[in-house]
Trainee: 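Below is the structure I would like to discuss, written out as C-alpha coordinates.
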Amino acid sequence: MQKAIIDLNVNAIVGIANAGATAEKNQLLLDLPEDFQSADIAEWAYDGKGLVRDPSAFLKQAKSARKARIKREAAHLIEADDWKLQRAREREAAGWGTLAEVDAALAEREAIRRSSNAAEQAVDALTDAASVQAFVWAVDVAVAAPRRMTHKQFMARFTDAEIQAMLKAFGDNPALRPWWERFSLARDISLDDAVTQSGVQALEAAGLIGKGRAAEVLASGPAAV
(Lines give C-alpha, C1' and ligand atoms only; values in the text may rest on other atoms or scores of the structure.)
Protein backbone atom coordinates (compact mmCIF):
# COMPACT_ATOMS: atom_id res chain seq x y z
CA MET A 1 0.00 0.00 0.00
CA GLN A 2 1.31 3.45 -0.88
CA LYS A 3 2.01 5.94 1.88
CA ALA A 4 2.18 9.70 2.09
CA ILE A 5 5.60 11.21 2.75
CA ILE A 6 5.10 13.96 5.32
CA ASP A 7 7.68 16.72 5.73
CA LEU A 8 7.49 17.51 9.45
CA ASN A 9 9.04 20.94 8.86
CA VAL A 10 5.94 22.09 6.97
CA ASN A 11 3.43 19.37 7.93
CA ALA A 12 2.60 18.76 4.27
CA ILE A 13 2.71 15.83 1.87
CA VAL A 14 5.85 16.08 -0.24
CA GLY A 15 5.54 12.79 -2.08
CA ILE A 16 4.08 9.30 -2.28
CA ALA A 17 6.13 6.25 -1.25
CA ASN A 18 5.61 2.65 -2.23
CA ALA A 19 5.25 -0.11 0.35
CA GLY A 20 8.49 -0.88 2.14
CA ALA A 21 9.94 2.62 1.87
CA THR A 22 11.58 4.20 4.92
CA ALA A 23 11.25 7.77 6.08
CA GLU A 24 14.19 10.14 5.92
CA LYS A 25 15.16 12.66 8.61
CA ASN A 26 12.30 15.02 9.51
CA GLN A 27 9.87 12.89 7.51
CA LEU A 28 7.00 10.60 8.42
CA LEU A 29 5.20 7.92 6.40
CA LEU A 30 1.42 7.64 6.79
CA ASP A 31 -1.23 5.52 5.13
CA LEU A 32 -3.15 7.43 2.49
CA PRO A 33 -6.81 8.15 3.32
CA GLU A 34 -9.40 6.24 1.31
CA ASP A 35 -10.64 9.41 -0.38
CA PHE A 36 -7.13 10.61 -1.29
CA GLN A 37 -6.65 11.71 -4.89
CA SER A 38 -3.15 12.55 -6.12
CA ALA A 39 -4.50 15.60 -7.97
CA ASP A 40 -5.58 17.05 -4.61
CA ILE A 41 -2.30 16.41 -2.80
CA ALA A 42 -1.88 20.10 -1.92
CA GLU A 43 -5.20 20.07 -0.04
CA TRP A 44 -3.94 17.59 2.52
CA ALA A 45 -2.00 18.52 5.64
CA TYR A 46 -0.65 16.75 8.70
CA ASP A 47 -2.18 17.98 11.96
CA GLY A 48 0.12 16.12 14.32
CA LYS A 49 -2.14 13.07 14.49
CA GLY A 50 -3.05 12.24 10.93
CA LEU A 51 -3.84 13.58 7.50
CA VAL A 52 -6.69 16.06 7.22
CA ARG A 53 -8.06 17.61 4.09
CA ASP A 54 -7.69 21.39 4.05
CA PRO A 55 -8.77 23.17 0.84
CA SER A 56 -7.29 26.41 2.17
CA ALA A 57 -3.87 24.77 2.10
CA PHE A 58 -4.09 24.40 -1.67
CA LEU A 59 -5.03 28.05 -2.04
CA LYS A 60 -2.14 29.04 0.22
CA GLN A 61 0.27 26.91 -1.78
CA ALA A 62 -1.02 28.32 -5.07
CA LYS A 63 -0.52 31.86 -3.81
CA SER A 64 2.97 31.09 -2.58
CA ALA A 65 3.91 29.58 -5.94
CA ARG A 66 2.46 32.47 -7.95
CA LYS A 67 4.17 35.11 -5.83
CA ALA A 68 7.48 33.29 -6.15
CA ARG A 69 7.01 33.31 -9.92
CA ILE A 70 6.23 37.04 -9.87
CA LYS A 71 9.51 37.62 -8.02
CA ARG A 72 11.41 35.63 -10.64
CA GLU A 73 9.70 37.47 -13.48
CA ALA A 74 10.49 40.86 -11.91
CA ALA A 75 14.11 39.86 -11.36
CA HIS A 76 14.37 38.80 -15.01
CA LEU A 77 12.93 42.13 -16.20
CA ILE A 78 15.37 44.08 -14.04
CA GLU A 79 18.30 41.96 -15.21
CA ALA A 80 17.28 42.50 -18.82
CA ASP A 81 17.38 46.26 -18.13
CA ASP A 82 20.91 46.22 -16.67
CA TRP A 83 22.45 47.42 -19.92
CA LYS A 84 20.37 50.60 -19.93
CA LEU A 85 21.51 51.60 -16.45
CA GLN A 86 25.13 50.67 -17.16
CA ARG A 87 25.13 52.69 -20.36
CA ALA A 88 23.54 55.72 -18.69
CA ARG A 89 26.05 55.63 -15.83
CA GLU A 90 29.02 55.29 -18.15
CA ARG A 91 27.81 58.15 -20.36
CA GLU A 92 27.20 60.39 -17.35
CA ALA A 93 30.62 59.59 -15.88
CA ALA A 94 32.28 60.44 -19.19
CA GLY A 95 30.37 63.69 -19.54
CA TRP A 96 28.38 62.52 -22.57
CA GLY A 97 25.16 61.99 -20.65
CA THR A 98 23.28 63.47 -17.73
CA LEU A 99 22.04 62.39 -14.34
CA ALA A 100 18.54 62.62 -15.81
CA GLU A 101 19.38 59.68 -18.09
CA VAL A 102 20.64 57.66 -15.13
CA ASP A 103 17.58 58.52 -13.09
CA ALA A 104 15.24 57.57 -15.93
CA ALA A 105 16.81 54.10 -16.01
CA LEU A 106 16.55 53.84 -12.23
CA ALA A 107 12.88 54.85 -12.36
CA GLU A 108 12.16 52.09 -14.89
CA ARG A 109 13.68 49.50 -12.55
CA GLU A 110 11.80 50.88 -9.55
CA ALA A 111 8.55 50.69 -11.54
CA ILE A 112 9.19 46.97 -12.02
CA ARG A 113 9.74 46.48 -8.30
CA ARG A 114 6.66 48.42 -7.25
CA SER A 115 4.49 46.74 -9.88
CA SER A 116 5.62 43.30 -8.77
CA ASN A 117 4.93 44.21 -5.14
CA ALA A 118 1.44 45.38 -6.10
CA ALA A 119 0.93 42.15 -8.06
CA GLU A 120 1.84 40.05 -5.03
CA GLN A 121 -0.65 42.00 -2.93
CA ALA A 122 -3.30 41.40 -5.60
CA VAL A 123 -2.58 37.67 -5.48
CA ASP A 124 -2.97 37.68 -1.70
CA ALA A 125 -6.44 39.19 -2.11
CA LEU A 126 -7.69 36.41 -4.42
CA THR A 127 -10.01 33.82 -2.89
CA ASP A 128 -9.78 30.83 -5.21
CA ALA A 129 -6.88 28.83 -6.59
CA ALA A 130 -8.06 29.02 -10.21
CA SER A 131 -7.87 32.82 -10.14
CA VAL A 132 -4.44 32.65 -8.56
CA GLN A 133 -3.13 30.30 -11.22
CA ALA A 134 -4.60 32.43 -14.02
CA PHE A 135 -3.28 35.72 -12.59
CA VAL A 136 -1.10 37.84 -14.86
CA TRP A 137 0.63 41.11 -14.07
CA ALA A 138 2.30 43.96 -15.90
CA VAL A 139 4.61 46.84 -15.09
CA ASP A 140 1.83 49.34 -14.51
CA VAL A 141 2.93 51.38 -11.48
CA ALA A 142 4.27 54.71 -12.69
CA VAL A 143 7.42 55.97 -10.97
CA ALA A 144 8.66 59.50 -11.47
CA ALA A 145 12.40 59.78 -12.00
CA PRO A 146 14.33 61.57 -9.24
CA ARG A 147 15.09 65.21 -10.02
CA ARG A 148 18.86 65.27 -9.58
CA MET A 149 21.55 67.48 -11.02
CA THR A 150 25.25 68.00 -10.50
CA HIS A 151 26.46 70.54 -7.98
CA LYS A 152 27.61 72.74 -10.85
CA GLN A 153 24.19 72.58 -12.54
CA PHE A 154 22.46 73.40 -9.27
CA MET A 155 24.65 76.45 -8.57
CA ALA A 156 24.05 77.63 -12.15
CA ARG A 157 20.44 78.21 -11.14
CA PHE A 158 21.56 81.21 -9.08
CA THR A 159 22.72 84.56 -10.44
CA ASP A 160 26.25 85.82 -9.75
CA ALA A 161 24.79 88.44 -7.41
CA GLU A 162 22.85 85.83 -5.50
CA ILE A 163 25.93 83.63 -5.12
CA GLN A 164 27.99 86.54 -3.82
CA ALA A 165 25.26 87.42 -1.32
CA MET A 166 25.05 83.80 -0.20
CA LEU A 167 28.79 83.40 0.22
CA LYS A 168 28.92 86.49 2.44
CA ALA A 169 25.94 85.30 4.46
CA PHE A 170 27.39 81.81 4.91
CA GLY A 171 30.51 83.36 6.34
CA ASP A 172 28.62 85.71 8.67
CA ASN A 173 25.71 83.47 9.69
CA PRO A 174 26.60 80.21 11.52
CA ALA A 175 23.03 78.93 11.09
CA LEU A 176 23.37 78.95 7.31
CA ARG A 177 26.90 77.56 7.17
CA PRO A 178 26.04 73.83 7.64
CA TRP A 179 23.59 73.99 4.73
CA TRP A 180 26.21 75.51 2.46
CA GLU A 181 28.88 73.01 3.53
CA ARG A 182 26.50 70.13 2.80
CA PHE A 183 25.98 71.28 -0.76
CA SER A 184 29.59 72.28 -1.31
CA LEU A 185 30.61 68.66 -0.69
CA ALA A 186 27.74 67.01 -2.56
CA ARG A 187 28.45 65.53 -6.00
CA ASP A 188 24.83 65.80 -6.98
CA ILE A 189 21.73 67.55 -5.64
CA SER A 190 18.17 66.22 -5.45
CA LEU A 191 15.52 68.87 -5.95
CA ASP A 192 13.06 66.58 -4.15
CA ASP A 193 15.21 66.31 -1.02
CA ALA A 194 13.56 67.99 1.97
CA VAL A 195 16.86 69.56 3.08
CA THR A 196 17.42 71.01 -0.38
CA GLN A 197 13.94 72.48 -0.45
CA SER A 198 14.04 73.92 3.07
CA GLY A 199 17.51 75.37 2.45
CA VAL A 200 16.51 77.15 -0.76
CA GLN A 201 13.35 78.45 0.90
CA ALA A 202 15.48 79.73 3.77
CA LEU A 203 17.63 81.63 1.28
CA GLU A 204 14.52 83.39 0.01
CA ALA A 205 13.25 84.06 3.55
CA ALA A 206 16.63 85.62 4.41
CA GLY A 207 16.43 87.87 1.36
CA LEU A 208 19.52 86.32 -0.25
CA ILE A 209 17.49 85.46 -3.34
CA GLY A 210 14.46 87.35 -4.62
CA LYS A 211 10.85 86.65 -3.81
CA GLY A 212 9.58 83.68 -5.80
CA ARG A 213 13.09 82.55 -6.67
CA ALA A 214 12.95 79.49 -4.40
CA ALA A 215 10.18 78.01 -6.54
CA GLU A 216 12.17 78.78 -9.68
CA VAL A 217 15.35 77.18 -8.34
CA LEU A 218 13.46 74.06 -7.26
CA ALA A 219 11.44 73.77 -10.48
CA SER A 220 12.00 71.04 -13.03
CA GLY A 221 13.74 72.07 -16.22
CA PRO A 222 15.90 75.15 -16.67
CA ALA A 223 15.46 77.67 -13.88
CA ALA A 224 15.03 81.34 -14.66
CA VAL A 225 18.01 83.43 -13.58
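The model shown is predicted, which means the values in this text are computed figures rather than measured ones.
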Trainee: Hey, any chance L32 and L29 share a hydrophobic cluster, counting ILVMFWY side chains that come within less than 4.5 Å of each other, even indirectly?
Mentor: no

Trainee: For H151, I'd like to know if atom NE2 has over 12 heavy atoms of other residues, nucleotides or ligands within 6.0 Å.
Mentor: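 Enclosed.
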
Trainee: Which value, rounded to the nearest 0.5 Å, describes the distance between I189 atom CD1 and D192 atom CG?
Mentor: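 Reported to 0.5 Å precision, the distance equals 12.5 Å.
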
Trainee: To the nearest 0.5 Å, what is the distance between OG1 on T98 and CD on Q153?
Mentor: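 Rounded to the nearest 0.5 Å, the OG1-CD separation comes out at 7.5 Å.
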
Trainee: Kindly say whether K60 contributes a backbone atom to a donor-acceptor pair with the side chain of S64 at under 3.5 angstrom?
Mentor: no

Trainee: Check A129 against A62 and note the closest heavy-atom contact, atom names and distance.
Mentor: CB-CB, 4.3 Å

Trainee: Return the set of residues passing ring pair (Phe, Tyr, Trp, His ring centres under 6.0 Å) with F154 (not counting sequence neighbours), or none when no residue passes.
Mentor: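 For F154, the residues satisfying ring pair (Phe, Tyr, Trp, His ring centres under 6.0 Å) (neighbours in sequence not counted) are F158, F183.
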
Trainee: For the pair E73 and R66, find out whether any cationic side-chain nitrogen is under 4.0 Å from an anionic carboxylate oxygen.
Mentor: yes

Trainee: Taking all heavy atoms of I78 and all of R113, pick out the closest pair and write down the distance.
Mentor: CD1-CG, 3.7 Å

Trainee: At their closest point, which heavy atom of L218 faces which heavy atom of R147, and how far apart are they?
Mentor: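 In this case the closest contact between L218 and R147 is O-NH1, 2.7 Å.
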
Trainee: Please answer whether the main-chain N or O of A219 pairs with a side-chain N or O of R157 as donor and acceptor at a distance below 3.5 Å.
Mentor: yes

Trainee: Which atom pairs, donor and acceptor, lie under 3.5 Å between side-chain atoms of residues 194-208 and protein residues at least two apart or in another chain?
Mentor:
unit_1: T196; atom_1: OG1; unit_2: S190; atom_2: O; d: 3.0
unit_1: Q197; atom_1: NE2; unit_2: L191; atom_2: O; d: 3.1
unit_1: S198; atom_1: OG; unit_2: A194; atom_2: O; d: 3.1
unit_1: S198; atom_1: OG; unit_2: V195; atom_2: O; d: 3.1
unit_1: E204; atom_1: OE1; unit_2: G212; atom_2: N; d: 3.4
unit_1: E204; atom_1: OE1; unit_2: R213; atom_2: N; d: 3.4
unit_1: E204; atom_1: OE1; unit_2: A214; atom_2: N; d: 2.8
unit_1: E204; atom_1: OE2; unit_2: G212; atom_2: N; d: 3.2

Trainee: Nearest 0.5 Å, please: how far is CG in N26 from CD1 in I6?
Mentor: 13.0 Å

Trainee: Charged N to carboxylate O under 4.0 angstrom, E90 versus R87?
Mentor: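 Judged by the 4.0 Å cut-off on N to carboxylate O distance, E90 and R87 do not form a salt bridge.
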
Trainee: Would you name the heavy atoms of E92 and L99 that are closest together and state the gap between them?
Mentor: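 Shortest heavy-atom contact: CG-N, 3.7 Å.
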
Trainee: Suppose we screen for salt bridge (Lys or Arg N to Asp or Glu O under 4.0 Å). Which residues come up paired with R72, at least two apart in sequence or across chains?
Mentor: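 Partners of R72 by the salt bridge (Lys or Arg N to Asp or Glu O under 4.0 Å) criterion come out as none, since no residue qualifies.
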
Trainee: If I compare all heavy atoms of A118 with all of V141, which pair ends up nearest, and what's the gap?
Mentor: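 Smallest heavy-atom distance, with atoms named: CB-CG2, 4.3 Å.
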
Trainee: Going by atom type alone, with no hydrogens or angles, which donor-acceptor pairs under 3.5 Å involve a side-chain atom of residues 8-22 and a protein atom two or more places apart or on another chain?
Mentor:
unit_1: N9; atom_1: ND2; unit_2: D7; atom_2: OD1; d: 3.3
unit_1: N18; atom_1: OD1; unit_2: Q2; atom_2: NE2; d: 3.3

Trainee: I need the minimum non-hydrogen distance between W137 and I112, along with the two atoms involved.
Mentor: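 In this case the closest contact between W137 and I112 is CZ3-O, 4.2 Å.
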
Trainee: Do any pairs count as a salt bridge (Lys or Arg N to Asp or Glu O under 4.0 Å) and have a residue in residues 122-131, sequence neighbours left out, and if so which ones?
Mentor: K67-D124

Trainee: Examine L59 and F135 and state if one hydrophobic cluster contains both, with Ile, Leu, Val, Met, Phe, Trp and Tyr joined whenever side-chain heavy atoms are less than 4.5 Å apart.
Mentor: yes

Trainee: When you compare the side chain of K84 with that of R109, does any pair of heavy atoms fall below 4.5 Å?
Mentor: no

Trainee: Find the distance between NZ (K63) and OG1 (T127) and round it off to the nearest 0.5 Å.
Mentor: 7.5 Å

Trainee: Do M155 and V217 sit in the same hydrophobic cluster, where Ile, Leu, Val, Met, Phe, Trp and Tyr count as joined when their side-chain heavy atoms come under 4.5 Å apart?
Mentor: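 Yes.
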
Trainee: Excluding sequence neighbours, so at least two apart, what forms salt bridge (Lys or Arg N to Asp or Glu O under 4.0 Å) with R91?
Mentor: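 R91: salt bridge (Lys or Arg N to Asp or Glu O under 4.0 Å) contacts with E101.
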
Trainee: Which distance, rounded to the nearest 0.5 Å, do you find between the CD of E216 and the NZ of K211?
Mentor: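 Nearest 0.5 Å value for the CD-NZ distance: 13.0 Å.
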
Trainee: Indicate, with yes or no, if V143 and L106 share a hydrophobic cluster defined by side-chain heavy-atom contacts under 4.5 Å among Ile, Leu, Val, Met, Phe, Trp and Tyr.
Mentor: no

Trainee: Between atom CD of Q86 and atom CG of D81, what is the distance when rounded to the nearest 0.5 Å?
Mentor: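 Q86 CD to D81 CG: 12.5 Å, rounded to 0.5 Å.
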
Trainee: Any side-chain to backbone donor/acceptor pair from S115 onto D140? Under 3.5 Å, distance only.
Mentor: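 Checked: pair present.
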
